[in-house]
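A short write-up of the structure that comes next.
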Number of protein chains: 2
Amino acid sequence: MARSDDDGRLQAFKAEFFKALAHPLRIRILELLVVDDRSVLEIQRALGAEQPIVSQQLAVLRAKHIVRATKEGTTVRYAVADPEIRALLSAARRIFNNQLVGTRSMLRELARERRR
Amino acid sequence: MARSDDDGRLQAFKAEFFKALAHPLRIRILELLVVDDRSVLEIQRALGAEQPIVSQQLAVLRAKHIVRATKEGTTVRYAVADPEIRALLSAARRIFNNQLVGTRSMLRELARERRR
DNA sequence: CTACAATATATGAATATTCATATCCATGTC
DNA sequence: GACATGGATATGAATATTCATATATTGTAG
């Protein structure tokens, strides 16, 4: 059974979406925003990250419509664009929990792996 | 409130997980495997992709414990490692569904996919 | 208008991913 | 053994991401 062109484009689109989540800082930002709206400055401070870095990563999330920004005077507040994001992150959390059960060594191994 | 080191490592771990999903071919493979186990050859044929490419991308999914492989004689069968993967992919599908309002070909494809 | 504060974007070097080609490994068959 | 089949891995060129630095933009205060 032949696959249509549209199918290919859809999977590419989904991949783009997951790619937007595939970054430690962006995950941390999202886990903040899932709890509540925040300004860029608040995010910066919560994460201890530099301003341009935070703005850059927010731009990535914005580009994929995962968060939305609203200007309030001189500051900009960010919020998750779709409540389903919460469902997705908690499905992810459940997977991590299953995977990490009993395996302390896994985190250690990951850390070691990244060091190279 | 200070963030613990483990927290940072956990977010990195989650990012690694999403990174594994962030590829069109890997998404397509997963959507096959969510339905049923398959051998490498079956995946190759279903996707019309070359053998080394499929093996390479399967290796990525294996490395992140998203799929598991079992040898059966001369062939290897792959399956999703955790049933929660299904939940995650459908949360993702719901998000795409919300987002894609207005882009026509993708909506058509989503509808077709949901019917299965 | 000047100056400052909050945020965004441009640039580019360092780094990581992707995918094609070639090669290897394991198992089964003759 | 020789050979075929199903899979995995090594290599490297092309491409994409990341993050720091520098520079813009926009809104507000004085």
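Each chain gets a letter, A, B and so on, in the order its sequence line appears, and its residues count up from 1. When reading the values below, keep in mind they use all heavy atoms of this one structure, side chains included, and skip hydrogens, waters and symmetry mates.
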Sequence-aligned protein contact record of nucleotides 1-6 of chain D, with B where the base is within under 4.0 Å of a protein heavy atom and S where only the sugar-phosphate is: ----BS
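Within 6.0 Å of atom CD in A/Glu16, more than 12 heavy atoms from other residues, nucleotides or ligands are found, so the atom counts as buried in its surroundings. Residue B/Glu50 qualifies as open at atom CD: its count of foreign heavy atoms under 6.0 Å is 12 or below.
Taking both residues in full, the closest heavy atoms of B/Ser55 and B/Arg62 are given as O-NH2, 4.3 Å, listed atom of the first, atom of the second, then distance.
The phosphate of D/dT26 (OP1 or OP2) has no side-chain N or O of A/Lys71 nearer than 4.0 angstrom. Regarding contacts with the backbone of C/dT7, every side-chain N or O of A/Arg77 stays at 4.0 angstrom or more from both OP1 and OP2.
As rounded to whole Å, 13 Å separates atom C1' of C/dA16 from atom NE2 of B/His23. A/Phe18 has its CZ atom 15 Å from the P atom of C/dT18, to the nearest Å.
Between A/Ile66 and B/Ile95, the closest side-chain pair of non-hydrogen atoms is not below 4.5 Å.
Side-chain N or O atoms of A/Arg26 include none that pairs as donor or acceptor with a backbone N or O of A/Leu61 at under 3.5 Å. The backbone N or O of A/Val54 lies less than 3.5 Å from no partner atom in the side chain of A/Gln57, so there is not a single donor-acceptor pair.
If you run side chain to side chain contact (heavy atoms under 4.5 Å, CB included) between A/Arg77 and each of A/Arg68, A/Lys71, A/Glu42, only A/Glu42 comes through.
Ring-plane geometry between B/Phe96 and A/Phe17 is classed as perpendicular, the angle between the planes exceeding 60 degrees on a 0 to 90 degree scale with a lower cut at 30.
In terms of position along DNA chain D, the nucleotide closest to B/Tyr78 lies nearer the 5' end than the nucleotide closest to the other residue of the pair B/Tyr78 and A/Leu25.
Less than 4.0 Å separates DNA chain D from at least one heavy atom of each of the following residues of residues 49-64 of chain A: A/Pro52, A/Ile53, A/Gln56, A/Gln57.
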